[in-house]
2 protein chains.
Amino acid sequence: MPKTASRAAGLHRASLGKLHDLDAALELMYYGWRGMTLLADQYLATLGLSRPHHRILYVVARQPDISIGSLIEVLGISKQALNRPLNLLLERKLLTSKRSPEQHRSKLLRLTQEGQRVEQRASGYERKVLRDAFDRVGQPGAAAWMAVMGVIADNN
Amino acid sequence: MPKTASRAAGLHRASLGKLHDLDAALELMYYGWRGMTLLADQYLATLGLSRPHHRILYVVARQPDISIGSLIEVLGISKQALNRPLNLLLERKLLTSKRSPEQHRSKLLRLTQEGQRVEQRASGYERKVLRDAFDRVGQPGAAAWMAVMGVIADNN
DNA sequence: CCTCTAAGGTCAATCTAGTTGACGTTAGAA
DNA sequence: TTCTAACGTCAACTAGATTGACCTTAGAGG
């Protein structure tokens, strides 16, 4: 275990001098991602899972009977990269895959009950962080946050 | 170059069904990070550099004459992990290291002019994304965003 | 029936970014 | 002079990705 594990990589929300007025915002984005995902990652780690597994579970939960090809597209990774984590989830029976009667070519992925439980809990940790933050600033603040993030996320 | 490069990994701001009201916020966090860093990463890639190099440049720019040990602490990585990117930056003369007259034990890191130029430009791309988003929602919206992110970032 | 093709599976090699552990060097402090 | 802090580096490992090559399965079209 790394010396800094309890604070997570590089995270004393640094005491760095600011060169620009937007430096603080820049750093908030960095620390914000870690802050949102830390608990979820810790939970997943207790199951021997990590981000990639969670992403798969998250997508399949919201798109039941998704095909492998579509999953690859949504996740934006190669099938070789998907292979490992996907097979682990199948072995662990968090996911099932079966070919449909008609479209026998493509496989349909679904969460098992256990898979749903894990996905719920992992995503739940992340939602809780967001909910707490939104609660503290009220609905208008939350809406403003969404608006800002929407514009930022559109830079693709 | 990956087939999805122009959209960056998994980024059609997915058409996923929502299971929870906070799912949209969750996804905004994910896409937001990519949206903020995409241009900067593309620029860095043209120089053969990436995130870790940028993080080093960013910190040294804001903490001139920082020692290697302190840099390791701030970044939260091992000295072995720092070694490679740091040496590259020194070879490329984006960074200088010299021992101070008194504290001859520790090395002091500084950006060269070229290093400053690169750091400015890379961070500048990220700041522009933020500035554009803040401009679109006005000062109160920006303040709300900072407040929300502050609370989220505190989850460590 | 046969061939073409879409969907999926898998193997190998490579890259990046990190980790531990072990050990070596440099140079100030006791 | 020896002890130690700060730095440097080597090796082995892991996780998460990439590309390229090749194979199987099974529906579709001639």
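Throughout, protein chains are lettered first and strands after them, A, B, ... in sequence-line order, and every chain is numbered starting at 1.
Shown here are the side chain to side chain donor-acceptor pair (under 3.5 Å) partners of B/Ser67, two or more places apart in sequence or in another chain: B/Ser70. Taking the salt bridge (Lys or Arg N to Asp or Glu O under 4.0 Å) definition, one finds that A/Arg110 meets it with A/Asp65, sequence neighbours left out. Judged as a salt bridge (Lys or Arg N to Asp or Glu O under 4.0 Å), and not counting sequence neighbours, the contacts of B/Lys128 are B/Asp132. Every residue meeting the salt bridge (Lys or Arg N to Asp or Glu O under 4.0 Å) condition with A/Arg117, not counting sequence neighbours, appears here in chain and number order: A/Glu114. Residues passing the salt bridge (Lys or Arg N to Asp or Glu O under 4.0 Å) test with A/Asp135, sequence neighbours excluded: none. For the side chain to side chain donor-acceptor pair (under 3.5 Å) test, residues two or more places apart in sequence or in another chain that qualify with A/Arg121 are A/Tyr125.
If you check residues 62-72 of chain A against DNA chain D, you find no residue with a heavy atom closer than 4.0 Å.
Sorted by first and then second residue, the ring pair (Phe, Tyr, Trp, His ring centres under 6.0 Å) pairs with a member in residues 47-70 of chain B form an empty list; sequence neighbours excluded. Within the structure, every pair that satisfies the salt bridge (Lys or Arg N to Asp or Glu O under 4.0 Å) test and touches residues 137-156 of chain A, not counting sequence neighbours, is listed here: A/Asp154-B/Arg13. Screening residues 36-61 of chain B for salt bridge (Lys or Arg N to Asp or Glu O under 4.0 Å) gives B/Asp41-B/Arg51, B/Arg51-B/Glu126 as the qualifying pairs, with residues at least two apart or on separate chains.
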Would you tabulate the nitrogen or oxygen pairs shorter than 3.5 Å linking the protein to nucleotides 12-17 of chain D?
residue: D/dG16; atom: OP1; partner: A/Ser50; partner atom: OG; Å: 2.4
residue: D/dA17; atom: OP1; partner: A/Arg55; partner atom: NH1; Å: 3.3
residue: D/dA17; atom: OP1; partner: A/Arg55; partner atom: NH2; Å: 3.1

Could you go over nucleotides 21-25 of chain C and give all protein N or O partners under 3.5 Å, atom names and distances?
residue: C/dG21; atom: O6; partner: B/Gln80; partner atom: NE2; Å: 2.7

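A/Arg127 has a carboxylate O that lies under 4.0 Å from a charged side-chain N of B/Asp23, or vice versa, which qualifies the two as a salt bridge.
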